[in-house]
Participant: 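To start, I am sharing the structure in question, which I have written as structure tokens.
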Amino acid sequence: MKYNFKKIEPKWQTKWNEAQAFKAVDFDKRPKWYGLVEFPYPSGAGMHVGHIKAYSSVEVLARKRRMQGYNVLFPMGFDSFGLPAENYAIKTNTHPHLITEKNIEHFKDQMRQVGFSFDWSREIATSHADYYKWTQWIFLQLFDKGLVFRAKTLVNYCPHCKVVLSNEDSQGGKCDICHSDVVQLPKDVWYLRITQYADKLLNGLSDVDYPESIKQQQVSWIGRSTGAFVNFELTDGSAEALDKLEIYTTRCDTLYGVTFMVVAPEHPALDKYKDKITNWDEVLKYREDAAKKTEFQRTQLVKDKTGVKIEGLKATNPITGKQIPIFIADYVMMGYGTGAIMAVPAHDQRDYDFAKTFGVDIVEVIKGGDISKEAYTGDGEMVNSDILNGLTNKKDSIAKMLTVLEERGIGHKGVQYKMKDWAFNRQRYWGEPIPLVHCPKCGTVGVPVEELPLTLPDVENFEPGTDGQSPLAKIDSFVNCTCPKCGGAAKRETDTMPQWAGSSWYFLRFCDANNDAAFADQDKLKYWMPVDHYNGGMEHVTRHLLYSRFWHQFLYDNKFVPTPEPYAKRTYQGLILGPDGEKMSKSKGNVIDPLNIVDLYGADTLRAYVLFMSDYTAAAPWSDEGVRGVKRFLDRVAGLTDIATLEKEDPQLESKLHKTIKKVTDDIERMKFNTAIAALMTLINDFTKAGAITKEDLVVFIKLLHPFAPHLTEEIYEEIGGEGLLTLAKWPEYDEEKTKDAVINMGVQVNGKVRGNVDLPAEATQDDAVEAAKANPAINKFFEGKNIVKVIFVKGKILNFVVK
RNA sequence: GCCGCCUUGGCGGAAUUGGCAGACGCACGCGACUCAAAAUCGCGCGGUUUAUCCAUGCCGGUUCAAGUCCGGCAGGCGGCACCA
């Protein structure tokens, strides 16, 4: 058969569509399987080869599952709110809605051309009002349960995008959208209390099948640490203490080594006692300088510590009773712990560096290092520590100190997380309006559920205000409303939700995409959830993957969803690099357009190539020669129709066929797509050598290849008179007996080195093997003048003689 | 600095539980077909010799046997990062 991909690809795409071959059936009796890939942001650039690779894995699994008799849900939608569309809208003065719809159509067209088996009847878009109605509804549930709060704190702010960013969106001190430096500003913003779910997010990881690397990354992002909160008394020198200054420490057992305290530049105690501080001007200047630094600058200058001693105030070490100085320094962060620390210069390098610069005492309390040179952070015997002296185990000394602190009411055990609450509002237009109303009498009130969706109004100008206000703030008809509680005049919240809101629950909507009475029907959720297999990018591990687990756990706690975790299994794909081995980027000019590959070689070649090119999780460079290699393989597959002339099965070939069924079946499950395709290449080499095969051989072959190259295999199936659609046919099964060889070629070693081979029946015993090996001159010459002292025989694997 | 992962031919990679290292593909070389080229097909392809050694980043260990397990070192990738 001649392989005319240009003709056959659209043909089968139409036939699958007409047959509704990929439609998931609610409540069907077949076992369900829910496969999910991260839905894309519909950018103007269209699909990237990375999208193709990300979708192809679950696509192959989904197609195999259908053939194995599962009721498969493999949906697709669009994460269509976001900044790029809005920025483009500002530039071209077009409504982001129009741009987004156009891009969605473009993406869908491309996805169809590649032949993905999505169930389009469940398509969603997060920017559609019938979808974001329920995003707003979930937000109101969070609000009702006290998980939404407003606070004025230091926030991450991107001056370029003019938005407040969450901690997750400003990793490494860079804006996630434009990569410019983030600054810290005090701002009044909405937060979601994700930290309340920190332990649940942590513990839930033990119940899901995620790769260890993903679990590790989430664990370190959550950053749970156990320690103690300790109160130091603040004094101006008079007999009465002014106040308490609380610190957090993981090493409360080093309290005897505390020689000073440091507070963050923004610490509120400074303002409270500014009258007592005699060098207030100096302190204020330091604080202002710190505020000007970007997050990057503030965290990079590690060695040279800066700070100012606070004159007029001192602290009392609660365990020694000694008065110690207090400093303000920007190496202490307001966002972690209490924004104040007890400094133990002998055993913390940062405190050590600071003490050396400012000439503060350094007192050793753990033996083992040389504190004249550097801080000692290892373990050792406690010294200079009164009640702890002599203890050598960190656990014991911390436990003992904790008991003392609690007895004396100085401090208590505590837990801290690096993860912070989720800054949840954006001062932008193209997002879900936050459904809250500010009433002068009632405070903040949620929009009544009956009034949802709170639709995004049309505006003239999408530009964010220089005053940090959302474009929505300029629309009086939107802003002015009545309070749902008292009926009085009130004003709407004008900020919108962040990019990650819509994607935090979209997998639930796919279970029941067109419901307008609920976000999804409970019975349908019970039927489909959890997602059995979710594939996506590593870059979402501490954003989308964390946020969506949080929302889902919240919904579970409030009995809105049937499972505690949303995703039973998560996998990720490795990056496709440019042909030059560098990350693909427009500026480097090394971007591969997948639709160009479809045009040149066909969708089947593209699909098979991205899975064959490397291990699925590994980053690997694109190779045009490699693509042509896969195309050559598919050309040879098309040619198989010409040699499918044999009437009777060749037993040798039959054994190879069954081995390949086993290997391909297993390899797809293990996501080892490259070796699954390699096994099919090996089989076709065997077919070619044999010269002729049976029609049954060919049917098995195209079934195994079908998930990778669905169009070509359907065409072959039709050509040889197959009934119905191949995509609905049954996955081949193998006979374990037929995968076993009757004769095994076994390696024979002498002293661990391979010296020859012997052919043996599969059931051969050790004696048979030894006899055969001794008869082989290539092997027995190594026995000359030596004694065989030991024989190791592993059936079917190896025979090893130890000689002396 | 801390945590995690990786290192195999000219290249991408295989080796699922410790059992014949280099499957499969690419590139390359030779040959067939062709006036010629492309395409296609066939053969070869870690190094070294001519049957022997050396080869899975480097050094050491465990084992009859190590790419695989253990210890140390080097290089690379990813994540976090003045986190108290």
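Chain letters run A, B, ... following the sequence lines, proteins first and then strands; every chain starts at 1.
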Participant: Scan A:G223 against the nucleic acid and name what it touches under 4.0 Å (heavy atoms): base, sugar-phosphate only, or nothing.
Facilitator: nothing
Participant: According to the Watson-Crick and G-U wobble definitions, with both distances under 3.5 Å, which nucleotide is paired to B:A74?
Facilitator: B:U7
Participant: Got more than 12 heavy atoms from elsewhere within 6.0 Å of NZ, A:K394?
Facilitator: no
Participant: I need the NZ-C1' distance between A:K659 and B:A23, as an integer number of Å.
Facilitator: 13 Å
Participant: Please name the nucleotide paired to B:U56 by Watson-Crick or G-U wobble geometry with both distances under 3.5 Å, or report none.
Facilitator: none
Participant: Please determine, for the side chain of A:N800, which listed nucleotide (B:G19, B:C82, B:C24) has the closest atom?
Facilitator: B:G19
Participant: Would you measure the distance from the C1' atom in B:A65 across to the matching atom in B:A15 and give it in whole Å?
Facilitator: 16 Å
Participant: Check if the side chain of A:N745 and the base of B:C20 share a donor-acceptor pair of N or O atoms closer than 3.5 Å.
Facilitator: yes
Participant: On the 0 to 90° scale, with breaks at 30° and 60°, tag the A:H544-A:H540 ring pair as parallel, tilted or perpendicular.
Facilitator: perpendicular
Participant: A:D348 has an atom CG; how far is it from atom C1' of B:C2, in whole Å?
Facilitator: 14 Å
Participant: If you assign each of A:Q749 and A:S220 to its closest nucleotide in RNA chain B, which residue comes earlier from the 5' end?
Facilitator: A:Q749
Participant: Do A:R543 and A:D169 meet the salt-bridge criterion of a basic N to acidic O distance under 4.0 Å?
Facilitator: yes
Participant: For A:V630, report the nucleic acid contact type (base, sugar-phosphate, nothing); a contact means any heavy atom under 4.0 Å.
Facilitator: nothing
Participant: Considering only atom P, compute the distance from B:G1 to B:G47 and round it to an integer number of Å.
Facilitator: 41 Å
Participant: Write down the distance between CD (A:E266) and P (B:C82), rounded to a whole number of angstrom.
Facilitator: 13 Å
Participant: For the residue pair A:F687 and A:F701, does the interplanar ring angle fall in the parallel (under 30°), tilted (30 to 60°) or perpendicular (over 60°) class?
Facilitator: tilted
Participant: According to the Watson-Crick and G-U wobble definitions, with both distances under 3.5 Å, which nucleotide is paired to B:C83?
Facilitator: none
Participant: Strictly by Watson-Crick or wobble contacts shorter than 3.5 Å, is anything paired with B:C33, and which nucleotide is it?
Facilitator: none
Participant: How far, in whole Å, is B:G60 from B:G10 if one measures between their C1' atoms?
Facilitator: 31 Å
Participant: Could you please name the partner base of B:C64, counting Watson-Crick and G-U wobble pairs only when both distances are under 3.5 Å?
Facilitator: B:G19
Participant: Among B:G4, B:C20, B:C82, which nucleotide sits nearest the side chain of A:Q216?
Facilitator: B:G4
Participant: Name the nucleic acid region contacted by A:N685, choosing base, sugar-phosphate or nothing; use a 4.0 angstrom heavy-atom cut-off, strictly under.
Facilitator: sugar-phosphate
Participant: Could you encode protein contacts along nucleotides 8-18 of chain B as a string, one character per nucleotide from 5' to 3', using B for base contact, S for sugar-phosphate-only contact and - for no contact, with a heavy-atom cut-off of under 4.0 Å?
Facilitator: ----SSS-B--
Participant: Which of the following nucleotides, B:A84, B:C24, B:C26, is nearest to the side chain of A:I341?
Facilitator: B:A84
Participant: Under 4.0 angstrom, heavy atoms only, what part of the nucleic acid is A:V802 near: base, sugar-phosphate, or nothing?
Facilitator: sugar-phosphate
Participant: Given atom CZ of A:R628 and atom P of B:U40, what is their separation to the nearest angstrom?
Facilitator: 10 Å
Participant: Which nucleotide, in any strand shown, forms a Watson-Crick or G-U wobble pair with B:U48, with both distances under 3.5 Å?
Facilitator: none
Participant: Establish, for the pair A:K305 and A:Y331, whether the NZ or CZ atom is under 6.0 angstrom from the six-membered ring centre and no further than 45 degrees off its axis.
Facilitator: yes
Participant: Any salt bridge linking A:D635 with A:R632? Criterion: basic side-chain nitrogen under 4.0 Å from a carboxylate oxygen.
Facilitator: no
Participant: Which value, in whole Å, describes the distance between the P atoms of nucleotides B:A36 and B:C43?
Facilitator: 23 Å
Participant: Report yes if at least one side-chain N or O of A:Y248 is closer than 4.0 Å to OP1 or OP2 of B:A84; otherwise report no.
Facilitator: no
Participant: Sticking with atom P, work out how far B:G18 lies from B:G12, rounded to a whole angstrom.
Facilitator: 27 Å
Participant: Do the charged groups of A:R287 and A:D330 touch, with an N to O distance under 4.0 Å?
Facilitator: no
Participant: Distance check needed: B:C41 C1' versus A:I684 CD1, whole Å only.
Facilitator: 14 Å
Participant: Do the side-chain N or O atoms of A:R632 get closer than 4.0 angstrom to the phosphate oxygens (OP1, OP2) of B:C41?
Facilitator: no
Participant: When we call it a touch if two heavy atoms are under 4.0 Å apart, what does A:R755 touch: a base, just sugar-phosphate, or nothing?
Facilitator: sugar-phosphate
Participant: Is it true that atom NZ of A:K588 has more than 12 heavy atoms of other residues, nucleotides or ligands lying nearer than 6.0 Å?
Facilitator: yes
Participant: Please report, rounded to the nearest Å, how far the P atom of B:A51 is from the CD1 atom of A:I779.
Facilitator: 18 Å
Participant: For B:U40, take OP1 and OP2 only and decide whether either is under 4.0 Å from a side-chain N or O of A:R636.
Facilitator: no
Participant: Apply the syn/anti split at 90° from 0 to B:G10 and say which one it is.
Facilitator: anti
Participant: When rounded to the nearest Å, what value does the distance between P atoms of B:C3 and B:A81 take?
Facilitator: 16 Å
Participant: Base, sugar-phosphate or nothing for A:Q217? Non-hydrogen atoms, less than 4.0 Å.
Facilitator: sugar-phosphate
Participant: Does the ring centre of A:F354 sit less than 6.0 Å away from the ring centre of A:F260?
Facilitator: yes
Participant: Measuring only the C1' atom in each nucleotide, how far is B:U63 from B:G19? A whole number of Å is fine.
Facilitator: 12 Å
Participant: Which is more 5' along RNA chain B, the nucleotide nearest A:T688 or the one nearest A:M538? Just name the residue.
Facilitator: A:T688
Participant: Do A:K753's NZ or CZ and the ring of A:F782 fall within the cation-pi criteria of under 6.0 Å and 45°?
Facilitator: no
Participant: Mind checking the C1' distance from B:G31 to B:C45? Whole angstroms is fine.
Facilitator: 15 Å
Participant: Output the single nucleotide from B:A84, B:C20, B:C24 whose closest atom is nearest the side chain of A:V754.
Facilitator: B:C20
Participant: Could you tell me how the ring of A:F673 sits relative to the ring of A:F708: parallel (under 30°), tilted (30 to 60°) or perpendicular (over 60°)?
Facilitator: perpendicular
Participant: Between A:H267 (NE2) and B:A84 (C1'), how many Å, whole number?
Facilitator: 13 Å
Participant: Whole angstrom is fine here: how far is it from CD1 in A:I798 over to P in B:C64?
Facilitator: 15 Å
